[in-house]
Amino acid sequence: MSILDSLPDEPEEETSPESLNPQNPQSDQQEPQKHNAQTNGGGQHNLLSPQLKVDAPLRIVETAFLASTASLIWFINFYFPLGPVLRIFFPVPIALVYLRWGKRAAWMAAVTSGLLLSVLMGPVRSLLFVMPFAFMGVLLGATWYRRAPWIVSITLGTLLGTLGVFFRLWLLSVLSGEDLWIYLITQVTELIEWIFLKLGLLNSPSVFLIQLGAVALIILNNFIYLFVVHLAAWLLLDRLGNPIPRPPRWVQVLMDY
């Protein structure tokens with residue numbers, strides 16, 4: 001026997017494709033993880049896409065419904081006035097749209113309500129609603145959405161309501177051909193003369209004092225109106241799941257009593 005025959009046989013090198021790639025257990029573990037991540041990502045995408053598809057028509061339906069509600073309240077109050085009951089809720093539906101769906105939906109609701117009223121009642125009466133009540137709904141919704149205090153939202157609403165009164169006087173004066181500011185000045189003059197009479201003052205009020213009293217009366221009227229609107233919205237929107245900022249402490253104490 002030769003020395004070559006006594007040597008052990010050397011293993012033959014494997015030339016299969018599996019032997020060419022070095023075995024890496026980490027890469028083998030990463031491949032299932034990548035596959036699971038891709039599967040989970042696709043599942044999340046599939047779960048989110050139907051939700052987005054549902055939110056879009058829901059936003060459109062609620063915006064249209066609340067815009068028509070605001071228009072209907074104005075329509076009923078114009079032909080069948082029930083005192084200040086329905087007037088309190090003029091800006092509330094549009095403010096609710098802002099709280100639920102944001103600024104763009106609120107402006108769409110304001111424009112939609114104006115267009116609907118222009119079809120039902122004419123463009124003039126539609127403008128009397130849009131300025132100031134539709135704009136007031138957007139303003140109140142913006143302040144409530146940012147959780148501003150009541151004094152801020154009431155003050156801004158009072159300024160907008162005062163501008164709305166002057167806009168109404170100007171528009172109706174242009175259409176009627178008469179200066180309606182004179183009628184307001186006459187009413188304020190009688191009120192100031194009655195106050196002077198009760199106070200025992202013999203002087204007659206000046207023109208500047210009468211005009212200042214008319215402006216102050218308009219501002220006071222709008223301030224009280226906005227305060228009542230806040231009370232109604234506080235009681236109503238809390239039950240609808242869209243609460244507004246909390247009122248001052250003394251208001252909560254009065255409401256408790």
Side-chain angles (χ1 to χ4, degrees), residues 52 55-75 77 84-118 125-168 170-171 218-252 255:
L52 295 176
D55 288 344
L58 182 61
R59 178 173 63 250
I60 295 173
V61 170
E62 286 193 2
T63 301
F65 176 77
L66 291 173
S68 61
T69 301
S71 303
L72 185 62
I73 293 174
W74 172 267
F75 182 83
N77 185 78
V85 178
L86 293 179
R87 182 181 173 86
I88 297 172
F89 298 98
F90 285 166
V92 174
I94 299 177
L96 180 58
V97 174
Y98 198 110
L99 292 176
R100 291 184 61 84
W101 298 108
K103 177 175 66 175
R104 183 173 180 271
W107 282 111
M108 289 178 61
V111 173
T112 303
S113 60
L115 293 175
L116 181 59
L117 286 175
S118 65
R125 294 170 183 173
S126 173
L127 287 175
L128 295 179
F129 171 77
V130 173
M131 182 63 186
F133 297 108
F135 292 158
M136 189 180 294
V138 178
L139 175 63
L140 293 179
T143 54
W144 293 343
Y145 183 80
R146 291 167 175 80
R147 318 309 295 175
W150 275 32
I151 187 63
V152 175
S153 56
I154 290 177
T155 303
L156 294 177
T158 301
L159 294 177
L160 182 59
T162 303
L163 292 177
V165 172
F166 286 109
F167 174 79
R168 179 178 300 181
W170 170 79
L171 181 62
I218 293 173
I219 294 175
L220 179 62
N221 185 22
N222 282 279
F223 187 87
I224 296 174
Y225 170 73
L226 264 299
F227 179 75
V228 177
V229 169
H230 277 67
L231 285 179
W234 175 43
L235 298 176
L236 177 63
L237 299 184
D238 278 358
R239 290 168 173 77
L240 296 178
N242 297 99
I244 67 172
R246 301 296 90 188
R249 182 63 183 171
W250 63 271
V251 177
Q252 299 182 23
M255 294 302 294

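Quick caveat: nothing in here was measured; it's all calculated off a predicted structure.
In this structure, Leu163 and Pro132 have side chains that are not in contact, with every pair of non-hydrogen atoms separated by 4.5 Å or more. At least one side-chain heavy atom of Asn222 sits under 4.5 Å from a side-chain heavy atom of Val165. Side-chain contact check for Leu156 versus Val152: some heavy-atom pair is nearer than 4.5 Å. Between Phe89 and Thr69 there is no side-chain heavy-atom pair separated by less than 4.5 Å. Counting only heavy atoms from C-beta outward, the side chains of Met131 and Leu171 never approach each other to under 4.5 Å. Side-chain contact between Leu127 and Arg168 is absent, with no heavy-atom pair separated by less than 4.5 Å.
Leu139 contributes atom CG, which lies 9.5 Å from atom CG of Leu159 (distance to the nearest 0.5 angstrom). Expressed to the nearest 0.5 Å, how far CZ of Phe167 lies from OG1 of Thr162 amounts to 15.0 Å. The distance from atom OH of Tyr98 to atom CG of Asn242, rounded to the nearest 0.5 Å, is 14.0 Å. Between the CG atom of Leu72 and the CZ atom of Phe65 there is a distance of 9.5 Å, given to the nearest 0.5 Å. The line from CD1 of Ile244 to CG of Leu96 is 11.5 Å long, rounded to the nearest 0.5 Å. Note that CH2 of Trp144 is 8.5 Å distant from CH2 of Trp150, once rounded to the nearest 0.5 Å.
Listed here is the closest heavy atom pair of Ile73 and Pro93: CD1-CG, 4.3 Å. Nearest heavy atoms, Val229 versus Pro91: CG1-CG, 4.2 Å. The minimum heavy-atom distance linking Ser153 with His230 is given by the pair OG-NE2, 2.6 Å. Scanning all heavy atoms of the two residues, the minimum distance from Ala148 to Pro245 falls at O-CG, 3.4 Å. A pairwise comparison of heavy atoms in Ala106 and Ile94 identifies O-CG2, 3.8 Å as the closest pair. The two residues Ala110 and Val138 make their nearest non-hydrogen contact at CB-CG2, 4.2 Å.
Using a 30° and 60° split on the angle between ring planes, Trp74 and Phe133 fall in the tilted class, from 30° to 60°.
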* Before giving the answer on side-chain contact (heavy atoms from CB on, under 4.5 Å), spell out for Trp101 and Leu58 the whole-Å C-alpha distance, their side-chain angles and the decisive distance to 0.1 Å. => CA-CA 10 Å; Trp101 298 108; Leu58 182 61; 3.9 Å; yes

* Evaluate the side-chain contact (heavy atoms from CB on, under 4.5 Å) criterion for residues Phe227 and Val251: first the C-alpha distance (whole Å), next the side-chain angles of each, then the deciding distance (0.1 Å), finally the verdict. => CA-CA 10 Å; Phe227 179 75; Val251 177; 4.1 Å; yes

* What's the verdict on side-chain contact (heavy atoms from CB on, under 4.5 Å) for Met136 and Leu226, showing C-alpha distance, side-chain angles and the deciding distance? -> CA-CA 10 Å; Met136 189 180 294; Leu226 264 299; 4.0 Å; yes

* Walk me through it: do Val228 and Tyr225 pass the test side-chain contact (heavy atoms from CB on, under 4.5 Å)? => CA-CA 5 Å; Val228 177; Tyr225 170 73; 5.8 Å; no

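Evaluation of the salt bridge (charged side-chain N to carboxylate O under 4.0 Å, His left out) test over residues 225-251, restricted to residues two or more places apart or in two chains, returns Asp238-Arg246. Applying the salt bridge (charged side-chain N to carboxylate O under 4.0 Å, His left out) test to residues at least two apart or on different chains, the pairs with a partner in residues 98-107 are Glu62-Arg100.
Counting heavy-atom neighbours within 6.0 Å of Phe75 CZ, excluding the residue itself, gives a total above 12.
Taking the side-chain hydrogen bond (donor to acceptor under 3.5 Å, both in side chains) definition, one finds that Ser71 meets it with nothing, sequence neighbours left out.
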